[in-house]
Each structure stands twice: as C-alpha cells, then as structure tokens.
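A short write-up of the structure that comes next.
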Amino acid sequence: MDIGIESIAFYVPHYFLDMRKLAEARGVDAEKHVVGLGQEKMAVPPPGEDVVTMAANAAERALETVDRDQVEMVVFATESSVDQSKAAGIYVHALLGLQPHCRVFETKQACYAATAGLQAAAALIARRPKMKALIVAADVARYGLGTPGEPTQGAGAVAMVVSADPKVLVLEPESGTYTEDVMDFWRPNSRDEALVDGKYSVRVYLRALAAAWKQYSEESGREFTDIDRFCYHLPFTTMAEKAHTQLAKVSGHRDRSPEQRQRDIADSLVYNRIVGNTYAASLYIGLTSLLENAQEDLTGKRVSLFSYGSGCVAEFFSGVVPAGYRSALHAAAHREMLDTRVELSYDEYVDFYLRYLPKDPENWEFPAYETGSFRLRAIRDYKRIYERAT
Ligand code: CAA
C-alpha cells in the first residue's frame, strides 16, 4: 500500500517587505540580502493574522478536493503557538467544520515539528488505511528589529492531507534521524522573538544533515545519485546551497558541478526567496515550490527531504512523485496569492511588527486587514475569537 501526501497547499500573509528596502534602512548592501542570503521579499503578517488564521487558509485549500469526513486526525506543527494548553488545531478544526471524531493535537520541536506529524500520520494510516490526516504547519519567524536574524524573518503556513491515496508524493519508509542537545536557536516562554547563535546554527544544521544522511543511506542502500531532486529546510534560500554542497561532499560527490547542484535544488527555492523563513512550514513550501515550478515532468522521480529543527532534531527521508501529480496541485491559486500581495514601506513594516500582539492581552480588538478567508477578530477575557473574513 502506498502512503503519502494526497494534497498540499500553502498560505502566506497578504503583505511583504522588499529586502532591498530593509537593507537600505539598516545601512547594509542590498546584495547581502538578495545574493548572500538569497531573499528578495519577506512576508509580514498584519495585526489579526496568526498561526491559526494562516493554517486555516492553507488547510481550506488543501481540503478542496478531499472528502473531509475521512479526516480523522489534525496535527498542528508550530513554534509560535497561541496557547500553552489548547492545541491551535482545534480552532482550525472548528473553522473548517471538520467532523468531530478526530484526534487533534499540536507538535513542537522548532522547524522539525511538521515532519514528526507527517511520519506519525503515515504510521497510523498503515494500520487504518481508510483514514486521512491533515498536517498543518504555521509559523511567524520573528528575531527582532535590527538583529542579524531580521532579514531571515517571514511568515506562512502549509497544509498536507496524508492518506493511502497519495496523489502528490509517495513516501518511502526509510529515514535517517539525528538528535543533539544544542543551543543554536530557542525562544524562552517570556519572549516573542527567538534567540539565536546564527553562525553556530548553520554549523549544527550541516552537522545534523551529514549524520541523518548517513543513517538514511545505510538503511535504504541509496546513494546521492539515486535522488533526482533535493528539498531542504529553508531558514534562508542560500542555506540550501550550503546544505547541498555539504551533502555532495559527505556522500563522495564533491565533484558535482555548480550547474548540476543548482539544477538539483533551484525549483524548490522559488517561493522561499519571496516569502522568507516559515519555520515548520518551510521544507514543505519548498516541496510545493519544486512540484509547481519544475518544467520537466517529475513523474517517477525521487525527491529527498531534509527536515531540521534547531535544538536540535533532524530527519532525512524521501518520496517518489506519482503519475498525474500536476492535476492534484494548486499552482494557479498559489501564484495568484503571491502575485496580488501588497508591498509595505519600511515604516509600515515596523508598524506591523510592533503591533503584532501585546504580551498576553486580556481584551484586544483587531482592525480588519487583508487576511485571506479567516481572521483573528478579538481577544475577550483571554479567549481568542476567530471569524471568517467578509
Ligand atoms: N554581496 C553578496 N553577498 C554578501 C554581501 C554582499 N555585499 N555581504 C555579505 N554577503 C554574504 C556573506 O558572505 C554570507 O554568505 P556566506 O555565508 O556564503 O559566506 C551571507 O551574505 C550572509 O552574510 P553574513 O554571514 O555576514 O550575515 P550575518 O552575520 O548578518 O548573519 C545569519 C547571517 C547567521 C544567517 C543570520 O541572518 C541569522 O542569525 N539568521 C537566523 C538563524 C538562521 O537562519 N540559522 C540557520 C540555521 S538554523 C535553522 O535552520 C532553523 C531555523 O529555521 C532558524
């Protein structure tokens, strides 16, 4: 029985900042952002947009072609959650009107959390082939104004329906995992912004990649050249280039030409370049980017996925693209969403940033901005009130 991704869709806020404008405001060369980090635009959530609204928007699209009554599990992966107790997925479950006989829970391990949900869902479906699982990952990446991490911010959500009818990607069972207790990136409960040891985090990412690959290749018997396309967790776009160079090196393919290496990864980077880091969602927005932007037919091609969550947990696994995958994608809707976004001035970006949400407000009303189909309307007596946007 094949198990994997039946449908995949993503959502990003309606507003973005051009990275050249951020560079100008910070007095750095724009090429550092655009070429050095590979970021052209950064998604910025307006007040009233949070992980729940973004996830609900992505999930609504992913479920368009799916029988919702078969969804028996909703996993919400995030590191920017809205409550310490209640799973954000319960709001999504309600907003989408899913049937009540459903397991709903939240997973956390930095940017790795969606992969944990995906693998857990695949294992459960092996025992219960008629069920479908909705995996949503949503995050707002915030480092702080003027910090080195600022140009690697972003926001967005991805939703995947996992089932025994995988129209988009058939998951292969082999994987390599790696865990190490490191402080490369973390966010204490008292803070809205992440703390990060930036250069160290890049080094740990590469170390985790080498370790996870080693176990994957030993377990599967596959080599670097058995993989046709490579998707990596994307904190910033050029991280994929560093990762792919590392993988070529540790797998004995140091001589792979720069052109070939670009071809291996380029299609997976198109969306990240104009969205920025979406933490738990970013690997899977990268997968969507590959499937929707590759000119060549990917039918039968093997795609690898490297998931990295700081702290850290990593996993290297793979899947094969089934025939007919293109008709299961939402490429036109994604393109329209990205093309109709509104550009912010630097001052508007700072205003949105500062009005993100005061810490633990008891009561708060949100002005109406463009937020897709769902918005956070208010907080009353510490309770979040979501609604369908008119
Ligand atoms: N023209 C072209 N390139 C330029 C340039 C210019 N004028 N100026 C600088 N560059 C290049 C640099 O050479 C560098 O490239 P290399 O790494 O290939 O050498 C790149 O632009 C970035 O420049 P710096 O290294 O000087 O940038 P920085 O010191 O300001 O920090 C960063 C970069 C560490 C990534 C920082 O943005 C950061 O801390 N980001 C958050 C942490 C992060 O994203 N870590 C990634 C791994 S952890 C993870 O993956 C989990 C997660 O999601 C957070």
Side-chain angles (χ1 to χ4, degrees), residues 17 19-20 22-40 42-43 51 77-80 108-116 137-158 178-180 182-187 191 193-212 231-247 249 258 261-262 265 268-269 272-273 275-286 305-316:
L17 177 69
M19 297 303 288
R20 295 169 190 86
L22 182 62
E24 190 185 334
R26 298 285 171 251
V28 305
D29 185 348
E31 296 288 288
K32 174 177 173 181
H33 291 171
V34 178
V35 179
L37 295 170
Q39 295 307 130
E40 287 185 23
M42 179 169 89
V51 290
T78 185
E79 54 187 295
S80 29
K108 177 178 73 176
Q109 183 7 67
C111 309
Y112 170 73
T115 303
D139 269 310
V140 179
R142 280 168 72 87
Y143 289 95
L145 300 173
T147 64
E150 185 184 32
T152 62
Q153 297 178 137
V158 73
Y178 180 75
T179 290
E180 185 184 341
V182 285
M183 293 303 278
D184 60 333
F185 168 107
W186 66 106
R187 184 166 68 83
R191 294 178 60 100
E193 291 85 31
L195 298 172
V196 63
D197 188 341
K199 299 275 198 252
Y200 177 56
S201 71
V202 171
R203 288 201 301 278
V204 182
Y205 177 122
L206 296 176
R207 184 160 82 219
L209 169 61
C231 294
Y232 293 95
H233 167 58
L234 298 171
F236 51 93
T237 300
T238 50
M239 186 69 225
E241 291 167 15
K242 292 182 198 301
H244 201 47
T245 301
Q246 163 84 335
L247 192 65
K249 188 176 110 190
R261 275 190 228 159
Q262 266 305 315
I265 60 172
S268 70
L269 309 179
N272 190 270
R273 197 181 296 285
V275 170
N277 195 357
T278 53
Y279 289 163
S282 100
L283 170 63
Y284 299 98
I285 294 179
L305 296 107
F306 176 64
S307 181
Y308 176 75
S310 287
C312 71
V313 178
E315 183 161 346
F316 194 104

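We count ligands from 1, going down the list as the structure has it; atoms in each ligand are counted the same way.
- Among V28, V35, V196, the residue whose heavy atom lies closest to atom 42 (C) of ligand 1 is V196.
- Closest of all the heavy-atom pairs between Y284 and A114 is CE1-CB, 3.9 Å.
- The protein non-hydrogen atom at the shortest distance from atom 39 (O) of ligand 1 is G198 CA, 3.3 Å.
- Within the listing of ligand 1, atoms 48 (S), 49 (C), 51 (C) sit less than 4.0 angstrom from a heavy atom of S310.
- Under the 4.0 angstrom criterion, atom 52 (C) of ligand 1 counts as having a protein heavy-atom contact.
- The protein non-hydrogen atom at the shortest distance from atom 41 (C) of ligand 1 is T152 OG1, 3.4 Å.
- Only the side chain of C111 comes within 4.0 Å of ligand 1, counting heavy atoms alone; its backbone N, CA, C and O stay farther away.
- Nearest-heavy-atom check against atom 2 (C) of ligand 1 across R26, E79, K199, E31 picks out E31.
- Nearest to atom 54 (C) of ligand 1 among the protein's heavy atoms is Y143 OH, 3.2 Å.
- Nearest heavy-atom pair across H233 and S282 is ND1-OG, 2.9 Å.
- For atom 12 (C) of ligand 1, no protein heavy-atom neighbour is found at a distance under 4.0 Å.
- Of the candidates V275, V34, T238, N272, N272 is the only one forming a side-chain contact (heavy atoms from CB on, under 4.5 Å) with Q39.
- Among protein heavy atoms, atom 33 (C) of ligand 1 sits closest to L37 CD2, 4.2 Å.
- With ligand atoms numbered from 1 in the order given, ligand 1 contributes 35 (C), 44 (O), 46 (C) to contacts under 4.0 Å with heavy atoms of F236.
- For the pair S310/V204, no side-chain contact is recorded, criterion being any heavy-atom separation below 4.5 Å from C-beta on.
- Per-residue contacts place Y205 under 4.0 angstrom from the following atoms of ligand 1 (heavy atoms of the residue considered): 50 (O).
- Under 4.0 Å from ligand 1, the heavy atoms of N277 that appear belong solely to its side chain.
- No side-chain heavy atom of T245 sits under 4.5 Å from any side-chain heavy atom of K242.
- If you check each of E241, M239, K242 against atom 18 (O) of ligand 1, the one with the closest non-hydrogen atom is K242.
- Relative ring orientation between Y143 and Y279 is described as perpendicular, the plane-to-plane angle rising above 60° on a 0-90° scale split at 30° and 60°.
- In this structure, the side chain of D197 does not engage the main chain of F185 through any donor-acceptor pair within 3.5 Å.
- Heavy-atom proximity to F185, at under 4.0 Å, picks out these atoms of ligand 1: 54 (C).
- A side-chain donor from one of D139 and T78 sits under 3.5 Å from a side-chain acceptor of the other.
- Side-chain contact between Y308 and L283 is absent, with no heavy-atom pair separated by less than 4.5 Å.
- Atom 38 (C) of ligand 1 has its nearest heavy-atom neighbour, among G149, C312, P151, in G149.
- Looking at A110, G36, A194 and measuring to atom 15 (O) of ligand 1, the nearest heavy atom belongs to G36.
- Nearest protein heavy-atom neighbour of atom 9 (C) of ligand 1: K32 CG, 3.5 Å.
- Between R142 and E193 there is a salt bridge, since at least one side-chain N of the basic residue sits less than 4.0 Å from a carboxylate O of the acidic one.
- The ligand atoms of ligand 1 that sit less than 4.0 angstrom from a heavy atom of D29 are 7 (N).
- Which of P235, G154, S201 comes nearest to atom 45 (N) of ligand 1 through a heavy atom is settled by distance: it is S201.
- In this structure, atom 48 (S) of ligand 1 has protein heavy atoms in its sub-4.0 angstrom surroundings.
- Y205 has its ring centre less than 6.0 Å from the ring centre of F306.
- The shortest side-chain heavy-atom distance between R203 and V182 does not fall under the 4.5 Å cut-off.
- Close N/O approach between H233 and ligand 1 is found [any backbone or side-chain N/O within under 3.5 Å].
- If you check which protein heavy atom lies closest to atom 37 (O) of ligand 1, you get P148 O, 2.9 Å.
- At a threshold of 4.5 Å between non-hydrogen side-chain atoms, the residues L145 and R26 count as touching.
- Distance remark: protein heavy atom present below 4.0 angstrom from atom 4 (C) of ligand 1.
- Nearest heavy atoms, N277 versus T152: CB-O, 3.2 Å.
- For E180, the CD atom is densely surrounded, since the number of other residues' heavy atoms within 6.0 Å is greater than 12.
- Against a heavy-atom cut-off of under 4.0 Å, Y308 is close to the following atoms of ligand 1: 48 (S), 49 (C), 50 (O).
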